[in-house]
Amino acid sequence: MSETPRDWWKSAVVYQVYPRSFADGDGDGVGDIPGIRAHVDHLAWLGVDVVWLSPVYRSPMDDNGYDISDYHDVDPLFGTLDDLDGLIADLHERGIRLVMDLVVNHTSSSHAWFQESRSGRDSAKRDWYWWRPPREGHVGGEPGAEPTNWGSAFSGPAWTYDPDSGEYYLHLFAPSQPDLNWENPEVREAVYSMMRWWLDRGVDGFRMDVINMISKAGLEDGELGGPGGPIDTTTHGDPGPFVLNGPRVHEFLQEMHREVFADRPAGLLTVGETPATSVEEARRYTDPERREVDMVFQFEHVDLDSGPGGKWDVVPMSLLDLKASLGRWQEGLADVGWNSLYLGNHDQPRSVSRFGDDSPEYRAASAKALATVLHLHRGTPYVYQGDEIGMANAPLATVDDLRDIESVNAHRALLARGATGEEAMAAIRAKSRDHARTPMQWDADEHAGFTTGTPWLPANPDHVEVNVAAQREDPDSVLHHYRALIALRHDEPVVAHGDFTMLLPDHPQVYAFTRRLDDVVLLVVANLSSQPATARFDPTWDDAEPLLATTAHPTAGTWSLTPWETAVLIRR
Ligand code: TEU
């Protein structure tokens with residue numbers, strides 16, 4: 001791999017595996033590493049270059065593995081370190097790299113570091129986490145005694161009281177996810193040494209969970225009543241300004257690069273998950289000269305359907321907003337920096353339900369149209385498991401259908417705020433992370449071929465129609481379309497390296513753009529609506545070479561597009 005170009009990931013496509021829901025090898029109803037190994041040929045057939053594996057480390061699983069209690073072992077639910085070595089070898093044999101999830105803003109409260117830290121105020125690791133006395137004039141444990149008014153992303157306060165030592169610890173997520181104190185150099189060295197251990201073991205990089213939260217600007221009360229994302233700011237202050245993109249975050253990432261990556265050959269990938277990050281900030285994170293990370297996950301387009309009340313205040317999103325947002329990111333990172341391209345992941349509803357039309361009539365067409373638009377942007381596309389067959393949202397009829405800690409807690413908080421049961425479920429149904437976590441649909445069998453046991457979350461009933469086995473047989477399927485898009489990125493340098501120009505920014509139905517590299521120009525046109533659309537483009541495109549089973553035929557520059565129809569043309 002020593003001859004790999006430094007920016008190899010520009011022509012790569014990443015596939016995200018959420019291990020709990022991908023494939024179950026041992027029949028206990030939970031996906032595992034042997035299950036993934038049984039399906040690596042699916043990934044190779046699809047043609048992806050990299051697998052990002054969501055956490056498989058030892059964990060109490062309060063947040064499905066994003067609460068890690070041992071960074072150096074695999075949780076028995078998912079298998080063993082040997083299984084993981086086997087998976088790395090299986091993938092490498094097929095030319096696919098493996099990127100691990102790195103969750104180091106916080107650990108699990110069961111991690112030995114935290115156990116030691118909480119053992120008393122004199123503990124040698126006390127300062128590895130954020131411990132603070134109760135607010136002045138208050139008695140610890142009483143409401144309002146928290147050191148700041150911050151809310152946590154999973155409802156309730158961001159501080160939990162420890163009666164034994166009389167102090168609170170900070171957790172921006174669940175109480176079982178205490179935040180590490182990156183100000184302490186011992187913490188940073190422990191993280192870097194763990195990362196080196198994994199690279200030495202053969203992994204090819206990291207997707208860094210909420211890495212823009214590791215530097216805290218100060219512990220002061222946050223604003224009440226503002227947007228606050230997942231935080232209920234009617235009851236708690238917004239920690240955002242104090243914890244997002246904090247004063248030392250770039251210094252820490254540069255240090256990490258020096259300590260972990262600088263001396264290793266090209267071929268590794270670093271991607272930072274960075275909620276609430278602006279284009280300007282993203283340029284700083286991904287400017288190759290600065291040596292921080294290769295690319296970021298930004299959140300602007302997945303927050304467009306959040307109203308003034310935050311994540312659960314669901315508002316309609318227009319295609320014009322989506323184009324304006326993604327277009328601004330294309331422009332902002334045109335000359336410096338690099339973006340990850342995604343419409344869904346394990347934290348988001350299914351993209352075909354949210355941005356497309358998941359009715360039987362348009363599910364396949366809209367899944368293909370969204371994929372076409374996304375994959376042909378400038379940036380590195382991420383395929384979330386199941387998106388390649390157009391998997392849709394789960395029914396989620398009642399609160400009993402929810403499993404995710406965020407959804408379960410948000411449901412309770414919405415009721416406490418005065419929402420009716422149906423109002424609360426409507427918000428959850430629009431945004432729940434559980435939608436993305438139903439079992440991968442391999443075939444039409446009872447549990448979609450995911451498990452021989454009872455799945456931890458039921459398979460979406462639509463798996464009898466929507467599954468990998470059926471789509472492999474159908475050259476016109478969503479699955480074959482994804483495969484063709486991935487191949488196109490590998491084969492046509494303009495897709496990876498060309499510049500980007502948005503066309504028709506004010507067209508309410510059509511998403512269109514060109515990509516250009518030297519003399520090669522690609523035109524992408526997509527009707528992202530369930531009604532017919534017309535659009536006009538330069539008539540010189542009339543006779544251009546069609547790619548990707550394009551069927552639309554323009555006449556003198558005028559295009560008539562059926563619902564969700566796309567066209568991709570190339571001129572050389
Ligand atoms: O997510 C961080 C994040 O900002 C959100 O996407 C998160 O899901 C939040 O609840 C939005 O409402 C990362 C992981 O991807 C997520 O699965 C973890 O739960 C979270 O960090 C904590 O580790």
Side-chain angles (χ1 to χ4, degrees), residues 14 16-21 52-57 59-69 71 99-109 111 151-156 158 170-180 191 206-214 227-233 236 238-240 243-245 271-277 296-307 309-314 340 342-349 351 354 382 384-385 402-411 413-414 427-428 430-437:
V14 185
Q16 182 189 355
V17 170
Y18 192 67
R20 200 178 174 84
S21 309
W52 151 27
L53 181 62
S54 276
V56 292
Y57 313 90
S59 163
M61 302 289 164
D62 281 357
D63 188 17
N64 293 355
Y66 283 89
D67 48 324
I68 297 170
S69 55
Y71 290 105
V99 163
M100 296 287 276
D101 216 306
L102 181 80
V103 189
V104 290
N105 172 68
H106 44 269
T107 67
S108 163
S109 52
H111 194 289
S152 88
F154 294 154
S155 306
L170 175 68
H171 52 87
L172 294 174
F173 294 90
S176 56
Q177 293 169 297
D179 280 51
L180 280 166
V191 169
F206 300 96
R207 171 271 186 190
M208 305 174 186
D209 194 68
V210 289
I211 203 67
N212 65 329
M213 299 193 185
I214 58 179
I231 286 143
D232 177 3
T233 59
H236 293 98
D238 177 12
V243 303
L244 294 159
N245 309 311
V271 47
E273 190 209 24
T274 58
T277 289
V296 290
F297 286 110
Q298 60 93 9
F299 279 62
E300 198 177 282
H301 62 298
V302 291
D303 287 336
L304 291 174
D305 53 4
S306 295
K311 172 167 181 169
W312 305 108
D313 175 17
V314 185
S340 307
Y342 75 100
L343 290 175
N345 58 37
H346 66 295
D347 292 333
Q348 303 292 334
S351 58
R354 190 184 201 179
Y382 284 66
Y384 179 61
Q385 68 184 38
L402 307 177
R403 296 286 177 282
D404 173 33
I405 184 171
E406 184 192 39
S407 293
V408 170
N409 290 354
H411 183 265
L414 286 164
I428 302 281
K431 293 281 190 72
S432 178
R433 307 194 300 181
D434 280 320
H435 287 306
R437 301 176 179 189

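Values reported hereafter were calculated over all heavy atoms of this structure, with side chains retained and with hydrogens, waters and symmetry mates removed. Both ligands and their constituent atoms are indexed starting at 1 by order of listing. Here, residue 1 is the first one in the sequence, and each next residue gets the next number.
- No donor-acceptor distance shorter than 3.5 angstrom exists from the side chain of Asp179 to the backbone of His106, with no hydrogens or angles considered.
- Atoms CG and CD1, from Asp434 and Ile428 in turn, are 9.0 Å apart once rounded to the nearest 0.5 Å.
- Remark: minimum distance from atom 15 (O) of ligand 1 to any protein heavy atom is reached at Asp347 OD2, 2.5 Å.
- Taking Ala413 as the reference, Ser155 meet the side-chain contact (heavy atoms from CB on, under 4.5 Å) condition, with sequence neighbours excluded.
- Close approach to Phe154 involves these atoms of ligand 1, each under 4.0 Å from a residue heavy atom: 10 (O), 19 (O).
- Residue contacts with ligand 1 do not include His171, since none of its heavy atoms lies under 4.0 Å from the ligand.
- Here the protein heavy atom with the shortest distance to atom 14 (C) of ligand 1 is Asp209 OD1, 3.0 Å.
- Interface atoms of ligand 1 facing Pro275, defined by a heavy-atom separation under 4.0 Å, are 4 (O).
- The residue from Gln16, His435, Arg433 that alone fulfils the side chain to side chain donor-acceptor pair (under 3.5 Å) condition with His346 is Gln16.
- Every atom of ligand 1 with a heavy atom of Phe299 under 4.0 Å away is listed here by number and element: 6 (O).
- The distance from ligand 1 to the heavy atoms of Lys311 drops below 4.0 Å at these ligand atoms: 11 (C), 12 (O).
- Residue Pro230 approaches ligand 1 through these ligand atoms, each under 4.0 Å from one of its heavy atoms: 12 (O).
- Nearest heavy atoms, Ser108 versus Pro178: C-CD, 3.8 Å.
- Applying the side-chain contact (heavy atoms from CB on, under 4.5 Å) criterion to Pro175, with sequence neighbours excluded, gives Thr160, Tyr169, His171.
- The aromatic ring centroids of Tyr66 and Phe173 lie 6.0 Å or more from each other.
- Residues Arg354 and Gln348 form a side-chain contact, since some pair of their non-hydrogen atoms from C-beta on lies under 4.5 Å apart.
- If you number the atoms of ligand 1 from 1 as listed, the ones under 4.0 Å from a heavy atom of His346 come out as 14 (C), 15 (O), 16 (C), 17 (O).
- When the heavy-atom distances from atom 12 (O) of ligand 1 to Glu406, Arg437, Glu273, Arg433 are ranked, the shortest goes to Glu406.
- For Gln348, the heavy-atom gap to ligand 1 stays at 4.0 angstrom or more.
- Near His106, the atoms of ligand 1 lying under 4.0 angstrom from a non-hydrogen atom of the residue are 22 (C), 23 (O).
- Scanning the protein for heavy atoms near atom 18 (C) of ligand 1, the closest one is Asp63 OD2, 3.3 Å.
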